[in-house]
Amino acid sequence: MSRFPILYWPRSTKSDSEYQTARKVINAAIGEMPEVITGDLNVADVFAAHGDAVIYYPVFCGSTGWWGELLGGNAVVTDKIIVSPECQLMVIEDASAAHHARRATHQLFAAEIYPTSGFFKKMNSEIATVADMLATDSGTILALFSGHDKNKFVNILESTGNSYLGCIGQY
């Protein structure tokens with residue numbers, strides 16, 4: 001099955017060495033240059049138009065909240081590609097696509113939580129590790145965790161009275 005590679009690049013491409021390197025890395029990995037999207041990215045619309053699309057989403061050093069666009073969608077993070085010490089690409093695919101049959105060992109879980117030190121001590125363990133956080137105006141935190149067992153993760157969240165938003169990817 002032919003793949004449809006898309007590189008989302010939210011900043012200017014002109015004279016951006018990381019952008020150029022990202023395109024080269026993708027080309028080396030799959031044998032073709034990706035289509036580039038520099039404006040707003042709607043993951044659901046991309047997958048509706050191209051079910052075989054593979055989106056390469058850059059995460060820059062110091063950025064937070066990049067995964068919010070994936071919540072509620074049918075997208076999963078299936079791999080990570082390091083472009084430079086300042087940038088890595090998240091490889092995002094449609095979870096329902098026929099080509100997505102492999103089971104990953106790590107998964108990315110998103111949750112809305114109330115910040116307590118006891119909760120983070122439990123979560124930064126063998127169950128899950130905090131990967132990214134974003135504070136909300138309501139006093140909660142939207143957090144991204146990396147873990148192995150979705151059921152254990154959900155049980156811990158529910159036992160502490162927190163809200164589980166859903167698994168948004170795996171790698």
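Values below: all heavy atoms of this structure, side chains included; hydrogens, waters and symmetry mates excluded.
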Nearest heavy-atom neighbours spanning [X] and [Y]:
X: Ala53; Y: Phe47; answer: O-CE2, 3.5 Å
X: Ser159; Y: Ile156; answer: OG-O, 2.8 Å
X: Pro5; Y: Met33; answer: CG-O, 4.1 Å
X: Met90; Y: Val59; answer: CG-CG2, 3.8 Å
X: Ala22; Y: Leu7; answer: CB-CD2, 4.2 Å
X: Pro58; Y: Tyr8; answer: CD-O, 2.8 Å

Inter-residue atom distance [X].[atom1] - [Y].[atom2], 0.5 Å rounding:
X: Cys61; Y: Glu18; atom1: SG; atom2: CD; answer: 9.5 Å
X: Tyr56; Y: Leu89; atom1: OH; atom2: CG; answer: 8.5 Å
X: Gln20; Y: Trp9; atom1: CD; atom2: CH2; answer: 10.0 Å
X: Thr21; Y: Glu86; atom1: OG1; atom2: CD; answer: 12.5 Å
X: Met133; Y: Leu144; atom1: CE; atom2: CG; answer: 10.5 Å
X: Asp132; Y: Leu134; atom1: CG; atom2: CG; answer: 7.5 Å

Do [X] and [Y] touch side chain to side chain, with heavy atoms closer than 4.5 Å?
X: Ile127; Y: Asp149; result: no
X: Ile6; Y: Pro34; result: no
X: Thr13; Y: Thr38; result: yes
X: Arg23; Y: Val36; result: yes
X: Ile82; Y: Val25; result: no
X: Glu158; Y: Phe153; result: no

Judged by atom type as modelled, is there a donor-acceptor pair below 3.5 Å linking the side chain of [X] to the main-chain atoms of [Y]?
X: Asp79; Y: Val91; result: no
X: Asn162; Y: Tyr114; result: yes
X: Asn155; Y: Asn151; result: yes

With ring centroids as reference points, do Phe109 and Phe145 lie under 6.0 angstrom apart? no
Show your working on side chain to side chain contact (heavy atoms under 4.5 Å, CB included) between Val46 and Ile55 and close with a plain yes or no. CA-CA 9 Å; Val46 169; Ile55 300 170; 3.8 Å; yes
Are Arg11 and Phe60 in a cation-pi contact, defined as NZ or CZ under 6.0 Å from the six-membered ring centre and within 45° of the axis? yes
Identified side chain to side chain contact (heavy atoms under 4.5 Å, CB included) counterpart of Ile113 within the set Leu142, Thr160, Ile141: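 Option passing the side chain to side chain contact (heavy atoms under 4.5 Å, CB included) with Ile113: Ile141.
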Under the side chain to side chain contact (heavy atoms under 4.5 Å, CB included) criterion, do Ile92 and Val54 qualify, and how do the steps go? CA-CA 6 Å; Ile92 301 169; Val54 178; over 6 Å; no
